[in-house]
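Just below is one structure, and these are the notes that go with it.
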There are 2 protein chains.
Amino acid sequence: MAKTIESHQNKIYKYIKSLSQKKNRDKEGLFLAEGVRFVSEIPPNWEVEMFVITKAFTMENDIRNFDKRAETYIVTEELFLPLSDTENPQGVLAVCKKQREGQEEIWKRDAPFFLLAEALNDPGNLGTVIRTADASGVDGIFLSKGSVDVYNPKVLRATMGSIFHVPVFQNVDLKEITLKMKEKNISLYAAHLKGDCYPYQLPLEKGCAFLIGNEARGLSHEATNLCDRWVRIPMPGKAESLNASIAAGVLMYEVVRQRLK
Amino acid sequence: MAKTIESHQNKIYKYIKSLSQKKNRDKEGLFLAEGVRFVSEIPPNWEVEMFVITKAFTMENDIRNFDKRAETYIVTEELFLPLSDTENPQGVLAVCKKQREGQEEIWKRDAPFFLLAEALNDPGNLGTVIRTADASGVDGIFLSKGSVDVYNPKVLRATMGSIFHVPVFQNVDLKEITLKMKEKNISLYAAHLKGDCYPYQLPLEKGCAFLIGNEARGLSHEATNLCDRWVRIPMPGKAESLNASIAAGVLMYEVVRQRLK
């Protein structure tokens with residue numbers, strides 16, 4: 001049976017609200033998945049701690065499935081608003097466990113395809129990168145320290161549920177990861193305006209990974225020097241650079257193209 | 001000599017402020033280009049009506065070039081803020097004429113490469129599409145009625161100055177344009193989840209155009225039926241769709257790849 005929360009002072013309510021801050025998400029290993037579509041994307045085997053829904057939502061939706069799966073709390077619209085990251089919330093959110101998957105499994109794959117990012121800062125960009133990685137079959141995403149938090153609500157929204165499909169590893173030491181890649185014979189390509197080749201000539205059917213940089217600063221020297229090769233996306237027009245998520249998309253889709261047959 | 005505006009009631013000030021509304025931009029044929037980088041991207045032959053800068057900006061920058069080019073107004077920070085679309089404005093903006101370029105020139109080109117969009121709604125997406133089109137050498141962008149205004153500040157910001165490089169035509173009748181394309185032997189491909197071919201097999205070295213749809217609804221039946229072929233971007237992973245600007249980017253970059261040699 002769903003329970004009702006009616007006060008801002010309720011302990012569970014305060015606990016859920018605390019998860020809008022990164023430090024509390026990190027401490028608890030939890031995040032908030034908000035909205036009808038996002039909640040419906042939660043895979044059956046994903047751990048959900050609880051659901052929070054509004055009274056209005058219960059009027060228009062069958063909530064028995066929520067109730068069966070995890071503790072479900074019904075709150076007023078007024079209590080829901082501070083939990084929400086949107087101006088017009090749909091009145092449903094899930095408190096989910098962060099992915100706890102280790103890296104072991106993905107390193108065992110044949111010809112894996114990874115994406116690395118250094119200090120990606122814009123939530124919309126990171127979310128879009130994760131969504132594109134999911135579409136293009138990336139085996140794992142590694143984010144350096146200094147990237148925006150994957151469980152930031154704006155990132156999550158832009159992933160359109162892809163956060164549940166692609167393993168994303170945060171606070172990664174790029175040096176360590178690249179050593180591991182060398183060990184496994186995975187070629188690492190830096191996306192760089194000064195690259196000496198286009199992606200189209202690279203042997204991307206083999207194990208490969210791209211490293212993309214910060215929106216404004218691009219890649220640091222240290223990070224670039226960890227890579228086997230620097231690759232440049234051609235720009236026959238007049239723009240001097242691409243949006244970070246577009247650059248990542250063009251590179252990931254070249255892997256898709258080469259692996260199609 | 002730069003002039004100073006000190007009152008909210010100043011007529012010129014009120015006129016500039018009115019341009020934050022689309023209907024006034026449309027009436028006057030003007031738009032606001034804001035920020036150091038954006039203003040520096042204005043090509044020498046682009047018509048600028050006036051510059052507006054803050055006192056603080058004049059302290060740290062040489063404004064003689066502004067003054068030579070167009071009437072320049074110095075305002076207080078307090079007066080600048082309501083003109084700006086950002087929270088921390090850099091204190092410089094230009095009132096620019098909208099592009100008045102006709103379509104004649106672009107139809108004369110050999111094997112042109114166009115992008116059409118139906119009801120693209122998200123300002124960030126449209127801006128990013130324009131930036132990517134600029135990078136990939138698109139000859140012109142056609143936007144149907146119901147798309148977000150190109151001169152919306154958020155769109156402009158995301159173009160990173162590419163609005164000055166690529167001709168963008170708004171409120172376009174898609175039916176009319178596609179007839180013109182048929183006449184000129186330009187193949188029109190609809191980006192569609194139910195497409196029957198991948199972009200990689202299309203003869204994109206010839207004159208070609210892609211039509212992309214709304215972020216949430218995709219393309220309408222009417223628009224899809226105007227196209228010669230429906231093309232599908234492969235998604236070997238689990239995501240069900242791509243962000244609209246990523247889909248456009250993948251398609252535009254396939255043209256770049258094929259035309260590289």
Side-chain angles (χ1 to χ4, degrees), chain A residues 37 41 43 113 115 122-125 127-139 154 157-166 193 198-201 215-216 232-261, chain B residues 37 41 43 113 115 122-125 127-139 154 157-166 193 198-201 215-216 232-261:
Chain A
R37 158 121 197 219
E41 293 275 350
F113 164 24
L115 191 76
D122 180 87
N125 273 346
T128 303
V129 163
I130 294 171
R131 182 177 174 192
T132 313
D134 182 22
S136 58
V138 160
D139 292 290
K154 286 181 185 61
R157 204 172 324 129
T159 71
M160 297 288 278
S162 287
I163 189 69
F164 298 121
H165 307 149
V166 192
L193 291 171
Y198 292 142
Y200 316 115
Q201 292 114 30
E215 287 88 353
R232 178 161 57 98
I233 298 175
M235 286 187 278
K238 288 183 197 140
E240 283 162 28
S241 66
L242 291 166
N243 167 289
S245 70
I246 297 287
V250 168
L251 294 172
M252 290 190 268
Y253 261 89
E254 178 56 15
V255 179
V256 172
R257 189 187 70 84
Q258 291 193 22
R259 294 186 177 194
L260 256 188
K261 306 126 212 177
Chain B
R37 158 124 197 217
E41 293 275 349
F113 164 24
L115 191 77
D122 180 86
N125 274 348
T128 302
V129 164
I130 294 171
R131 182 178 175 191
T132 313
D134 182 23
S136 58
V138 160
D139 292 291
K154 285 181 186 58
R157 205 171 322 128
T159 72
M160 296 288 278
S162 287
I163 188 69
F164 297 121
H165 307 148
V166 191
L193 290 171
Y198 292 142
Y200 316 115
Q201 291 115 31
E215 287 88 352
R232 177 161 58 98
I233 298 175
M235 286 187 279
K238 288 183 197 142
E240 283 163 27
S241 66
L242 290 166
N243 167 289
S245 70
I246 297 287
V250 168
L251 294 172
M252 291 190 267
Y253 261 89
E254 178 56 14
V255 180
V256 172
R257 187 187 70 83
Q258 291 193 21
R259 294 186 177 195
L260 255 189
K261 307 128 210 174

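Numbers restart at 1 for each chain; the letters A, B, ... are given by sequence-line order, proteins then strands.
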Q | Heavy-atom side-chain contact between B/V255 and B/R259 under 4.5 Å | A | yes
Among [options], single out the residue with the greatest number of heavy-atom pairs under 4.5 Å to chain A.
| options | result |
| --- | --- |
| B/P236, B/A247, B/P199, B/G137 | B/P236 |
| B/M160, B/M235, B/K238 | B/K238 |
| B/G124, B/P234, B/G161 | B/P234 |

Q.
Looking at chain B, which one of A/G237, A/A135, A/S162, A/G249 has the largest number of heavy-atom pairs inside 4.5 Å, strictly under?
A. A/A135
Q: Taking ring pair (Phe, Tyr, Trp, His ring centres under 6.0 Å) as the test, write out the residues that go with B/F164, two or more places apart.
A: B/F38, B/W46
Counting only non-hydrogen atoms closer than 4.5 Å, does [X] touch chain B with its backbone (N, CA, C, O), its side chain (CB onward), both, or neither?
| X | result |
| --- | --- |
| A/S136 | backbone |
| A/S245 | both |
| A/Y200 | side chain |

Q: Let me see the working for B/L251 and B/I233 under side chain to side chain contact (heavy atoms under 4.5 Å, CB included), right down to the final yes or no.
A: CA-CA 8 Å; B/L251 294 172; B/I233 298 175; 4.0 Å; yes
Q.
Under a 3.5 Å distance rule, please check whether B/D139 uses its side chain to pair with a backbone N or O of B/F113 as donor and acceptor.
A.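 A pair under 3.5 Å: yes.
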Q) Between the side chain of B/N243 and the main-chain N/O of A/T128, is any donor-acceptor distance below 3.5 Å? A) no
Q.
Under a 3.5 Å threshold, yes or no: a donor from one side chain and an acceptor from the other, between A/R131 and B/S241?
A. yes
